[in-house]
2 protein chains.
Amino acid sequence: MANQAPGGGHRAAPVHTDPEEVSVLAALSAVADPVRIQLIRELAHSADWTRSCGSFDVPVGKAALSHHFSVLRGVGLVEQRDEGPRRVNRLRREEFEARFPGLLDLLLRAGDTD
Amino acid sequence: MANQAPGGGHRAAPVHTDPEEVSVLAALSAVADPVRIQLIRELAHSADWTRSCGSFDVPVGKAALSHHFSVLRGVGLVEQRDEGPRRVNRLRREEFEARFPGLLDLLLRAGDTD
DNA sequence: CCGAGTGTTCGATGGATATCTTACAGTCCC
DNA sequence: GGGACTGTAAGATATCCATCGAACACTCGG
């Protein structure tokens with residue numbers, strides 16, 4: 001298999017979804033969760049590819065955290081890339097905005113913590 | 001008690017919430033439900049105060065329906081008024097739009113049924 | 001090669017909530 | 001007043017999903 005660096009087993013590459021093929025209901029459900037809102041906000045305040053999954057200050061274990069990122073990936077809001085031992089993230093602002101105009105702004109603008 | 005028309009028991013007037021005092025999370029949770037999305041869309045295509053609760057084509061019993069309207073009222077998206085034996089509805093478009101810009105449009109514009 | 005660090009997967013658990021059934025409260029019309 | 005109609009309330013059930021613990025996979029540095 002002509003794949004990547006020689007000599008190695010690799011972690012399964014994260015599967016990404018195009019926001020364009022995501023339903024409104026799915027997007028809203030994904031985003032209607034306090035932990036995920038917190039992740040999105042924190043991510044929005046950081047530069048792309050600078051935040052690893054474990055670097056977020058959320059009150060859940062790493063298993064749940066992994067699940068949350070999976071959900072966010074599943075609606076095309078977050079993109080992930082493996083960088084050595086860790087998995088770094090970025091918000092797919094433009095693509096998501098194109099499919100769900102205003103939704104991301106709503107999450108980031110609203111001044112409440114919940 | 002000096003309350004309303006004389007001689008009469010009355011149905012409890014529906015309690016309304018100002019969208020201004022609703023959290024983003026609550027609004028998103030309320031709106032992230034297939035039945036409620038359907039209600040909102042159907043309501044949006046009708047003139048104000050013309051649709052009674054029972055007049056919506058949703059696949060749930062009337063008890064569940066009553067619950068859904070209660071949720072929508074609770075986030076300030078729907079206003080209700082008693083009109084004889086039935087309770088008629090209207091969308092609080094402007095107020096909701098002011099608090100959650102773009103959210104209602106998102107629900108109405110997206111061309112998918114789910 | 002081993003150990004520390006990072007993240008995923010699996011199974012189980014608990015809590016929230018959407019739903020139904022039944023019973024009740026008003027309203028209107030005869 | 002009786003009966004049809006409309007909606008709410010309360011209790012029971014069921015389903016979904018967020019969370020955790022434990023085991024595993026991969027990366028990197030000694």
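Below, chain A is the first sequence line, B the second, and so on; all start at residue 1. The figures here come from the full heavy-atom set of this structure, side chains too, leaving out hydrogens, waters and symmetry mates.
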**Item:** Partner set under side-chain hydrogen bond (donor to acceptor under 3.5 Å, both in side chains) for B:S70, not counting sequence neighbours
**Value:** none

**Complete:** When rounded to whole Å, the CG to C1' distance for the pair B:N89 and D:dT8 reads 14 Å

**Request:** Check for a donor-acceptor pair, side chain of B:R51 on one end and backbone N or O of B:S55 on the other, with a separation under 3.5 Å.
**Result:** yes

**Request:** Run the salt-bridge test on B:E79 and B:R81 with the 4.0 Å N-O cut-off and return the result as yes or no.
**Result:** no

**Request:** Can you tell me the distance, in whole Å, between the CG atom of B:D33 and the P atom of D:dT15?
**Result:** 17 Å

**Item:** Ion pair check, A:E20 and A:R92, cut-off under 4.0 Å
**Value:** no

**Asked** Any side-chain N or O of A:R87 less than 4.0 Å from the OP1 or OP2 oxygen of D:dT27?
**Response** no

**Message:** Rounded to whole Å, how long is the line connecting atom CD of A:E83 with atom C1' of D:dC28?
**Reply:** 14 Å

**Message:** Using whole Å, what does the distance between atom P of nucleotide D:dT27 and atom CZ of A:R81 come to?
**Reply:** 16 Å

**Message:** Salt bridge or not between B:E95 and B:R90? Use side-chain N to carboxylate O under 4.0 Å.
**Reply:** yes

**Complete:** Note: for A:P85 and B:F69 on DNA chain D, the residue whose nearest nucleotide lies more 5' is B:F69

**Item:** Distance test, side-chain N/O of B:H68 to OP1/OP2 of C:dT19, below 4.0 Å
**Value:** yes

**Message:** Does B:D82 reach a base, just sugar-phosphate, or nothing at all? Heavy atoms under 4.0 Å.
**Reply:** nothing

**Asked** What is the distance from atom NE2 of A:H68 to atom CD of A:Q38, rounded to the nearest 0.5 Å?
**Response** 10.0 Å

**Prompt:** Between atom CG in B:L72 and atom P in D:dT8, what is the gap in whole Å?
**Reply:** 12 Å

**Complete:** In this structure, CZ of A:R99 is separated from CG of A:L77 (nearest 0.5 Å) by 12.5 Å

**Integer-rounded Å distance: D:dG29 P and A:R86 CZ** = 10 Å

**Complete:** What residues 44-66 of chain A contributes to the DNA chain C interface at heavy-atom separation below 4.0 Å is A:S52, A:C53, A:G54, A:K62, A:A63, A:S66

**Prompt:** In Å and rounded to the nearest 0.5 Å, what is the CD to CH2 distance from A:E83 to A:W49?
**Reply:** 9.0 Å

Between the protein and nucleotides 2-4 of chain C, are there any N/O to N/O pairs under 3.5 Å, and if so, what are the atom names and distances?
none

**Item:** Rounded distance [0.5 Å steps], CG in B:L91 versus CD in B:E97
**Value:** 12.0 Å

**Message:** Measure NE2/B:H67 against C1'/D:dT8 and give the value in whole Å, please.
**Reply:** 13 Å

